[in-house]
Amino acid sequence: MEVVLHLPVVPNVELVAAKAVEAVGGAIGMHQGGIEAASVAIVEACLNAMEHGGGQMVVRMSAETFEGRPGLVIEVEDQGKGFDPSAAPRNSATRVAGCTTKRGWGLTLIRELMDDVQIRSHPGRTLVRMRKFVESSP
Amino acid sequence: MTDEQMRLSKDIVADGFGLIAAAGYINNEGGQAIADAATELIEGGCGTLLIDLDGTRIINSIGVSILLEIMEKLLEDKGRLAFCNLTPTISKTFEIMGLVQYATVYPDRDTARAALAGDAAV
């Protein structure tokens, strides 16, 4: 099972990706908590792609088994200028409290809500690949 | 789950106690709608706010950041913020982003009102 979405940058288009997660996750037997966690993660990945990607993004999702554990694999790809994933700060509540800007939570939430996250980025292409196992908790 | 339209109501349920019920997508617009309702209640004398998110299944970090600003505004005025009816994912997101350090989370509205009764005449 595989879904591929080519999404334009329009308001709330991230919900189209979340809806696809709901459908595919449900079809492979993910519980509601796992679906909701993956939905928030894909929303954050799409928002990052829209903000930094400079145009249309491609979302792919598929059912895959890894080390005997079934799960949902999601990829969000954009054609932006790229960034160094190892230099991206892991946000924390103490770092943000009292600051006038509270943005920059996307990657932190994705890493916390998903079971595995890999980011490859260079100028012209950023790919966020994330996995949620069917049996994992939110 | 992905019903994006925010449905929101607000009410002063007791002296100094405001209730906001919000169902829908908490993005920048949804977060701002909650913030506007909270500001009205705070300016109307509510030092305790309960935000009931029954019916909210999807959020994003921009919307939650706006909720953080409400929390800071309330704390500046020595007020109190509480949430109820959070999904496990929303609860975890609030925990990651620090809301639960300063706000209290209750499982449902009745429990919240009973617990907050000591701070306001609920």
Side-chain angles (χ1 to χ4, degrees), chain A residues 5 10-26 30-51 90-115 132 136-138, chain B residues 1-7 23-35 38 53-77 81 83 85-105 107:
Chain A
L5 302 170
V10 296
N12 291 334
V13 74
E14 67 275 13
L15 293 180
V16 175
K19 191 72 179 172
V21 165
E22 187 179 359
V24 177
M30 290 177 74
H31 57 74
Q32 189 63 24
I35 290 171
E36 289 174 359
S39 296
V40 171
I42 200 170
V43 161
E44 294 298 329
C46 289
L47 291 176
N48 279 345
M50 282 192 280
E51 185 170 356
R90 186 173 285 261
N91 232 341
S92 70
T94 52
R95 194 175 81 79
V96 172
C99 292
T100 52
T101 178
K102 294 176 171 43
R103 298 288 309 279
W105 282 98
L107 284 179
T108 300
L109 289 177
I110 291 168
R111 286 171 170 143
E112 293 284 343
L113 293 171
M114 299 298 280
D115 293 319
K132 189 75 173 173
S136 68
S137 61
Chain B
M1 186 181 108
T2 49
D3 183 4
E4 66 192 62
Q5 188 64 45
M6 172 62 73
R7 300 171 303 282
Y25 181 28
I26 301 184
N27 57 356
N28 54 333
E29 293 170 358
Q32 192 57 54
I34 295 172
L53 294 184
D54 191 19
T56 292
R57 294 287 177 273
I58 189 88
I59 58 175
N60 72 37
S61 56
I62 301 170
V64 178
S65 295
I66 294 171
L67 300 185
L68 273 168
E69 291 169 7
I70 300 174
M71 181 192 72
E72 289 186 349
K73 185 175 182 179
L74 260 176
L75 288 176
E76 278 175 15
D77 297 336
L81 179 63
F83 294 94
N85 284 315
L86 306 185
T87 68
T89 294
I90 292 176
S91 184
K92 183 171 181 177
T93 301
F94 282 10
E95 188 178 323
I96 295 164
M97 294 183 67
L99 259 78
V100 296
Q101 289 181 351
Y102 304 101
T104 313
V105 176

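Since this is a predicted model, take the numbers as computed values, not measurements. Reminder, nothing fancy here: chain letters follow the sequence lines and each chain counts from 1.
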To the nearest 0.5 Å, how far apart are [atom1] in [X] and [atom2] in [Y]?
| X | Y | atom1 | atom2 | value |
| --- | --- | --- | --- | --- |
| A:N12 | B:E29 | CG | CD | 6.5 Å |
| B:S61 | A:N48 | OG | CG | 7.5 Å |
| A:L47 | B:I62 | CG | CD1 | 5.0 Å |

Specify the closest pair of heavy atoms between B:I58 and A:S39, including all atoms of both residues, with the distance to one decimal.
CD1-CB, 3.6 Å
Minimum heavy-atom separation for A:V43 to B:Y25, with atom names?
CG1-OH, 3.5 Å
Donor-acceptor check, side chain of B:K92 to backbone of A:E112, threshold 3.5 angstrom: yes or no?
yes
Ignoring hydrogens and angles, tell me if any N or O in the side chain of A:E36 forms a donor-acceptor pair with the backbone of B:T87 under 3.5 Å.
no
Between B:I90, B:V64, B:T93, B:N60, which residue shows the highest count of heavy-atom pairs closer than 4.5 Å to chain A?
B:N60
